[in-house]
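All values derive from a computational prediction rather than experimental measurement. All chains are named by letter (A, B, ...) in the order of the sequence lines, taking the proteins before the strands, and each is independently numbered beginning at 1.
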There are 2 protein chains.
Amino acid sequence: MTTAPRKGTRARLAPTLEEVAARAGVSRATASRVLRGDARVSERARDAVLEAARAISYVPNLAARSLVTGRSDSIAFLVEETEERMFADPFFLGMLRSAQEAVAEAGLQLVFTVVSRPEDQQRFLAYAAGGHVDGVLLLSLHGQDRLPQRLEALGVPTVLSGRPLSGRRRLWYVDADNAGGGRLATAHLLATGHRRVATVTGPLDMCAGQDRLAGYRAAVEADGRPYDESLVSVGDFTAAGGHAAALSLLERHPDVDAIFAASDLAAFGVVRALRESGRVVGDDVAVIGFDDIPAAAEQVPSLSTVRQPIPALGATMARLLLDRIEGRVDRPRRTVLPVELVLRQSA
Amino acid sequence: MTTAPRKGTRARLAPTLEEVAARAGVSRATASRVLRGDARVSERARDAVLEAARAISYVPNLAARSLVTGRSDSIAFLVEETEERMFADPFFLGMLRSAQEAVAEAGLQLVFTVVSRPEDQQRFLAYAAGGHVDGVLLLSLHGQDRLPQRLEALGVPTVLSGRPLSGRRRLWYVDADNAGGGRLATAHLLATGHRRVATVTGPLDMCAGQDRLAGYRAAVEADGRPYDESLVSVGDFTAAGGHAAALSLLERHPDVDAIFAASDLAAFGVVRALRESGRVVGDDVAVIGFDDIPAAAEQVPSLSTVRQPIPALGATMARLLLDRIEGRVDRPRRTVLPVELVLRQSA
DNA sequence: TGCGTTCGTGAGAGCGCTCTCACGGACCCG
DNA sequence: CGGGTCCGTGAGAGCGCTCTCACGAACGCA
């Protein structure tokens with residue numbers, strides 16, 4: 001096992017189906033049928049093949065299989081963020097978990113890839129289009145990134161997390177009702193007597209950021225107020241971004257009495273800024289976040305927030321992609337899942 | 001593009017090398033040479049092939065290539081933890097980042113897989129042994145888990161993060177000097193006048209947990225004191241585990257004046273327990289952690305800790321695996337990287 | 001001028017599997 | 001008892017690529 005492998009060959013010559021078949025005294029075709037679980041095989045042949053395969057530790061060569069079937073039986077979970085941001089945001093964790101479960105249940109392998117630099121994108125494209133995966137679950141799409149279009153053009157089925165900003169004609173996606181959530185949160189703040197309701201947005205090159213802001217604006221205007229841009233401070237879904245955005249907001253409007261933050265992490269940053277300025281969260285200033293990550297309930301004071309159905313989002317993405325790969329669905333489908341306002345101490 | 005694909009076929013028939021060659025007016029062999037960057041091709045042929053490939057958006061079928069070369073040009077980064085624990089621990093983040101960079105630099109694709117349930121392990125084994133990856137970087141090996149042995153037996157080169165507890169004969173690994181780190185931290189606590197120096201360990205089914213404890217013990221005995229098991233409280237590298245372990249420790253030994261925690265996350269839990277019991281960290285009780293994750297420096301008070309060279313660990317693992325795959329190294333190699341004591345406010 | 005050496009190229013085998021097709025035997029029905 | 005249907009099986013093609021080998025042209029040197 002530890003003899004130097006010649007370049008380009010496996011260290012150990014792997015047993016082939018041919019050898020299994022010979023050992024079991026059947027043809028390659030029959031051995032293949034048994035190992036793929038085809039029903040029309042006699043019990044005698046089945047036992048012989050399974051025993052032979054076990055005896056020589058046979059593992060099918062997936063490249064050879066893939067070359068014939070055109071399938072790899074694996075799915076990519078692709079996150080276009082730096083590793084740092086991905087690990088910092090429990091949203092990705094929840095999505096990964098639920099997608100992983102759904103994909104595993106279908107008997108496929110989920111491989112997780114993070115693309116943080118432009119050259120990574122090119123390599124991933126060749127990897128996916130080269131047939132290493134049957135489809136891609138793509139998270140965290142920014143701005144005018146054409147990766148989904150390029151994947152689709154190369155024949156790689158792709159399902160996005162979140163509505164893309166552009167080129168949405170033929171793209172498949174699963175999204176939460178971001179605008180509805182923004183409206184819900186803002187309307188609640190207005191209805192509970194707050195007069196100066198501000199918002200710390202997400203990145204505005206992402207649809208989720210835009211939509212949550214649009215929801216805020218809709219709620220403000222539905223309340224018969226003018227939309228005041230100075231009450232809007234742009235963040236980026238991170239705690240640090242939320243903190244900075246809140247500071248600039250407090251400078252412009254020291255009398256702000258409620259803030260809708262476009263993510264829970266941003267809300268944590270907002271809360272820190274408020275506390276540093278001597279304000280009491282939930283009393284002087286109400287705060288509502290977005291996502292309902294587990295940490296939201298554990299904050300002091302606990303964070304009111306708009307709950308995204310993260311497990312359902314991941315599972316729905318995975319199932320939609322699998323249905324598409326199997327040819328059970330053939331026209332681009334977009335799913336929008338409802339959100340829910342969760343009231344705690346901060347509002 | 002959106003016509004229903006027949007089961008088992010790609011939605012769009014991908015262009016083949018044959019078509020590129022025909023379009024460029026050369027043979028398949030020459031086209032292949034150009035696309036793989038083989039030097040011995042005339043400029044005229046090269047240009048024609050590249051132009052033809054571009055024109056029809058040719059992407060090589062990696063399954064076909066892999067069938068011939070026996071290589072997939074991708075590496076698995078495998079974490080045997082639940083998704084939650086993996087995301088909660090910045091150690092994995094740092095390892096992923098540095099491994100990803102080293103692998104990308106060599107032109108290979110890194111795929112990241114998390115195995116949290118026993119059935120996942122079986123699927124991964126078939127995936128890896130089936131030739132989808134050329135090697136595996138395996139993190140977070142617990143107890144008697146035989147996965148590395150099984151991978152090696154199936155011909156999949158594997159490099160471990162951390163020395164395995166058993167079957168270490170033929171296994172390759174990269175580790176930090178855990179025992180040395182434990183000794184360093186404990187010796188410092190003893191040298192600075194602390195009289196009741198306790199430890200909150202990691203999981204004792206992992207070598208890192210055992211070794212850091214062994215380092216603690218060695219330092220205690222080197223100081224001429226008896227090794228007192230009641231000063232040892234078993235944790236699991238998590239903050240919650242550290243908190244619980246510290247509570248039970250404080251119950252047994254209210255007069256403890258220094259604690260060596262086997263991970264920074266555990267140290268955070270210890271600090272919280274101390275604070276809850278009214279003790280002042282760094283004053284009443286000194287605390288030293290292990291890892292030096294970024295959050296350690298940001299705590300109040302900032303956490304003294306044993307710094308693991310996380311970027312070097314990940315990069316070394318990746319390079320060792322790549323060297324092995326290329327046949328540049330052929331005998332099992334184990335690398336142990338030095339650690340360093342970083343003193344801050346907590347000790 | 002003749003022979004060896006390089007260089008660029010193409011023909012063709014074959015990687016390990018799946019899948020279609022054809023075939024023989026067992027079975028059922030009229 | 002003959003003609004159908006089924007059922008289990010094997011032969012063989014071929015997926016798209018890489019790589020070895022052989023060949024002719026161009027070049028160097030004696």
Does any donor atom in the side chain of B:Arg46 or B:Ser42 lie under 3.5 Å from an acceptor atom in the other side chain?
no
Once the angle between the rings of B:Phe87 and A:Phe112 is folded into 0 to 90°, is it parallel (under 30°), tilted (30 to 60°) or perpendicular (over 60°)?
parallel
Judged by modelled atom types alone, do B:Arg36 and B:Ser32 share a side-chain donor-acceptor pair under 3.5 Å?
yes
With respect to the phosphate group of D:dG10, does any side-chain polar atom (N or O) of A:Thr30 fall under 4.0 Å of OP1 or OP2?
yes
Does anything in residues 131-162 of chain A pair up under ring pair (Phe, Tyr, Trp, His ring centres under 6.0 Å), and if so which pairs, sequence neighbours excluded?
A:Tyr127-A:His132, A:His132-B:His132
Taking CZ from B:Arg44 and C1' from C:dC7, how many angstroms apart are they, rounded to a whole number?
14 Å
So, A:Gln100 versus B:Arg117: side-chain donor-acceptor pair below 3.5 Å or not?
no
Tell me, for nucleotides 15-24 of chain D in 5' to 3' order, what letter each nucleotide earns: B for a base near a protein heavy atom under 4.0 Å, S for only sugar-phosphate near one, - for neither?
BBBBB-----
